[in-house]
Amino acid sequence: MQNLITKRPRGTNDILPGEVEAWQFIEKTARNLCREYGYKEIRTPIFEHTELFYRGVGDTTDIVEKEMYDFKDKGGRSLTLRPEGTAPVVRAFLENKLYSESQPIKLYYIGPMFRYGRPQAGRLRQFHQFGIEVFGSKDPAVDAEIISLAVDFYKRLGMKAFDVQINSVGCSRCRPKVKERLHEYLIAYKGELCETCLGRLERNPLRIFDCKSKVCQRIMSSAPKPLDFLCDECREHFDKVKNYLDVLEINYSVNPGLVRGLDYYTNTAFEFFAEGIGAQNSIGGGGRYDNLVETCGGPATPGIGFGLGLERTLMALQSQKVELPLDRSPDVFVAVADKNSDFAVNEAVRILAILRREGFSAEKDYMQRSLRAQMKYADKKDFKFAVIIGEEELNRGSILIRNMKNGEQQEIPKAEMVEKIKMLIEGEK
RNA sequence: GUGGAUGUAGCUCAGUUGGUCAGAGCACCAGAUUGUGGCUCUGGGGGUCGUGGGUUCGAGUCCCAUCAUCCACCCCA
């Protein structure tokens with residue numbers, strides 16, 4: 001047990017049969033939604049040059065400062081397992097010159113992300129995100145569209161309770177003003193701020209809004225907010241986003257203290273919250289990043305996107321007792337009454353092939369079980385039907401079909417088996 | 001990176017003040033008059049008690065170390 005080769009690395013998880021169906025359902029829901037909204041999937045490597053995240057995510061963020069899963073390859077290059085999806089997609093957007101296609105470019109991804117930290121409830125070193133990015137449009141309707149997509153995602157999964165909070169952190173023109181005024185305000189409280197926020201005061205005072213320290217929160221509750229200093233353009237943008245959300249009948253609240261942890265956000269920032277994830281409550285978030293593409297060396301291109309945590313989504317669904325519509329039951333178990341009869345076993349193998357060719361999931365025993373044990377197995381594995389064959393029936397040219405839910409059993413001509421099963425399984429639905 | 005809790009069969013756990021202590025339930029496998037499941041009953045396989053030291057005549061049971069897990073902080077998904 002303690003042996004490393006039988007132990008998964010800290011902060012990682014195996015997703016086992018029985019659990020993976022929920023994941024497949026979530027992924028399928030995301031893909032369907034993206035198709036409906038016109039987003040195309042993009043798959044980027046799970047590791048990138050470390051510099052990408054340094055530049056793309058921002059070197060004052062915790063992600064870069066202490067959560068990077070980086071390593072040197074055999075060529076001495078510094079690489080990093082991606083901690084988030086936006087920077088890699090921006091990189092791919094630039095490297096493949098997607099900006100030369102007609103815009104907006106609408107992309108989505110589903111995959112693992114990595115952050116090095118102590119794991120706890122709702123926090124892993126390898127976790128999964130579903131994210132989307134839109135490049136090329138400043139239209140506030142896009143902001144509303146992606147929030148709408150996320151809300152639809154949660155709703156379609158059956159999530160009963162979650163909150164949408166939005167805010168605007170301003171653009172490169174109004175942001176300096178915010179930081180300046182915030183700094184002026186905070187100087188008076190310098191002695192009261194917690195240690196980490198003291199450091200943030202000079203480097204990035206906006207982040208102090210995120211602090212959970214009671215003292216800092218009290219101080220920030222009456223601090224000047226980014227919303228109070230938006231330029232006319234940003235103000236108008238934010239108003240239009242809210243308008244479109246109203247048109248879409250999406251419930252949201254404006255949280256003037258919402259500041260996302262990544263440095264690249266401009267204008268719209270939003271976050272989704274739910275309960276039941278240990279001490280965590282954020283299940284996803286995103287925002288606009290109108291300067292990021294240019295920062296990474298590309299043509300000035302506005303962008304916006306979100307990242308939703310899949311583990312956290314799953315945990316929230318579980319704590320809300322949401323039943324996902326999963327069908328884990330296989331269709332037909334082919335049981336052989338005379339397990340020592342080559343004739344019967346051959347027939348079973350043949351029937352399996354026929355059923356599978358028709359698209360049914362079908363299995364037989366491979367453990368030399370008695371008929372009784374085969375039936376027990378079929379029951380435990382939750383098969384919908386059992387086809388039972390023995391020399392007796394075969395000699396008559398027939399087989400037995402048993403409904404494992406209610407025990408109804410009938411003998412029918414072998415030639416009618418496929419049609420009969422089709423009919424029965426249709427009837428189940 | 002910091003702090004707290006925990007670590008006995010696949011799972012959930014019992015194991016008194018150190019001396020039949022290696023157990024229970026569930027799960028798994030096989031049977032219950034030999035061709036049929038879901039209830040019940042019987043039997044069986046499976047653990048060097050996380051690991052390494054130490055104290056002791058003797059340690060899951062005490063001490064130290066180590067590893068791991070969980071929870072929380074920082075921060076976020």
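Protein chains get the first letters and strands the later ones, always in sequence-line order, with residue 1 at the start of each.
Taking atom OH of Tyr264(A) as the reference point, atom P of C76(B) lies 12 Å away to the nearest angstrom. Atoms CD1 (Ile132(A)) and C1' (A77(B)) sit 16 Å apart, rounded to a whole Å. Spacing between atom CG of Leu308(A) and atom P of C76(B) amounts to 17 Å, rounded to whole angstrom units. One can place NZ of Lys7(A) at 14 Å from C1' of G10(B), the figure rounded to the nearest angstrom. Here the P atom of nucleotide A77(B) and the CG atom of Asp62(A) are 11 Å apart, to the nearest Å.
Remark: Arg43(A) fails to qualify as a cation-pi partner of Tyr109(A) under the 6.0 Å distance and 45° angle criteria applied to the six-membered ring.
Taking 4.5 Å as the limit, some side-chain heavy atom of Ile389(A) sits within range of a side-chain heavy atom of Ile351(A).
If you find the closest nucleotide of RNA chain B to His128(A) and to Asn13(A), the one lying nearer the 5' end belongs to Asn13(A). In terms of position along RNA chain B, the nucleotide closest to Pro119(A) lies nearer the 5' end than the nucleotide closest to the other residue of the pair Arg125(A) and Pro119(A).
Taking atom P in both U2(B) and G45(B), the straight-line distance is 47 Å, to the nearest Å. Distance check on atom C1': A77(B) versus A59(B) gives 45 Å, rounded to whole Å. To the nearest whole angstrom, the two C1' atoms, one in G23(B) and one in U61(B), are 15 Å apart. Between U48(B) and A9(B), the two P atoms lie 9 Å apart (nearest whole Å). Nucleotides U16(B) and U8(B) place their P atoms 15 Å apart, quoted to the nearest Å. Using atom P as the reference point in both G7(B) and A32(B), the two lie 42 Å apart (nearest Å). Spacing between C76(B) and A14(B) at atom P, rounded to whole Å, works out to 39 Å. As rounded to the nearest Å, G60(B) and C49(B) have C1' atoms that lie 5 Å from one another.
Glu323(A) has no carboxylate O lying under 4.0 Å from a charged side-chain N of Lys321(A), or vice versa, which leaves the two without a salt bridge. Checked for salt-bridge contact, Arg115(A) and Glu84(A) miss the test: no charged N lies under 4.0 Å from a carboxylate O.
Backbone-only contact: Ala121(A) has heavy atoms under 4.0 Å from sugar-phosphate atoms and none from a base. In this structure, Gln129(A) reaches the sugar-phosphate backbone alone: every heavy-atom distance under 4.0 Å involves primed, P, OP1 or OP2 atoms, never a base.
One finds no side-chain N or O of Arg82(A) lying less than 4.0 angstrom from the OP1 or OP2 phosphate oxygen of A77(B). At A72(B), one or more side-chain N or O atoms of Gln120(A) fall inside 4.0 Å of OP1 or OP2 (strictly under the cut-off).
Heavy atoms only, all atoms of each residue included: Asp338(A) and Gly390(A) are closest at OD2-CA, 3.2 Å. Of all heavy-atom pairs between Ser148(A) and Leu248(A), the closest is CB-CD1, 3.8 Å.
Ring geometry for Phe333(A) against Phe383(A) counts as perpendicular: the plane angle is over 60°, on a 0 to 90° scale with 30° as the lower cut.
For residues 305-325 of chain A, every residue pair satisfying the ring-ring contact (aromatic ring centres under 6.0 Å, His included) rule, not counting sequence neighbours, is listed here: Phe130(A)-Phe306(A).
Pairs of Watson-Crick or G-U wobble type, with distances under 3.5 Å, assemble into runs of 3 or more in RNA chain B at these ranges: B:1-7 with B:67-73, B:10-13 with B:23-26, B:28-32 with B:40-44, B:50-54 with B:62-66.
Of the N and O atoms on the side chains of Glu411(A) and Ser398(A), at least one donor lies less than 3.5 Å from an acceptor on the other residue. One side chain, Glu145(A) or Tyr39(A), offers a donor N or O that lies under 3.5 Å from an acceptor on the other. Remark: the Glu133(A) side chain and the Tyr289(A) side chain contain an N/O donor-acceptor pair separated by less than 3.5 Å.
Applying a 4.0 Å cut-off to non-hydrogen atoms, the residues of residues 267-289 of chain A that approach RNA chain B are Gly278(A), Ala279(A), Gln280(A), Ser282(A), Ile283(A), Gly284(A), listed by residue number.
The structure places CG of Leu79(A) at 5.0 Å from CG of Asp73(A), a figure rounded to the nearest 0.5 Å.
With hydrogens and angles ignored, a donor-acceptor pair closer than 3.5 Å exists between the side chain of Arg115(A) and the base of A77(B). Donor-acceptor pairing under 3.5 Å, judged by distance alone, is present between the side chain of Arg312(A) and the base of C76(B).
With Ile147(A) as the fixed residue, the side chain to side chain contact (heavy atoms under 4.5 Å, CB included) test singles out one of Val164(A), Ile304(A), Asp152(A): Val164(A).
Heavy-atom neighbours of Glu192(A) CD from other residues, nucleotides or ligands within 6.0 Å: above the threshold of 12.
Between the side chain of Asp228(A) and the backbone N or O of Pro224(A) there is no donor-acceptor pair closer than 3.5 Å.
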Quick one: which protein N/O atoms are closer than 3.5 Å to N/O atoms of nucleotides 3-6 of chain B? Pair and distance per line, please.
from, atom 1, to, atom 2, distance (Å)
G3(B), O6, Arg118(A), NH1, 3.3

Using a 4.0 Å heavy-atom cut-off, write out nucleotides 32-46 of chain B from 5' to 3' as B (base contacted by protein), S (sugar-phosphate only) or - (no contact). B--BBBB--------
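Classification of G25(B) as anti follows from a glycosidic angle more than 90° from 0.
Judged as a salt bridge (Lys or Arg N to Asp or Glu O under 4.0 Å), and not counting sequence neighbours, Arg357(A) has no contacts.
With A30(B), C73(B), C70(B) as the choices, the nucleotide that has an atom nearest any side-chain atom of Arg369(A) turns out to be A30(B).
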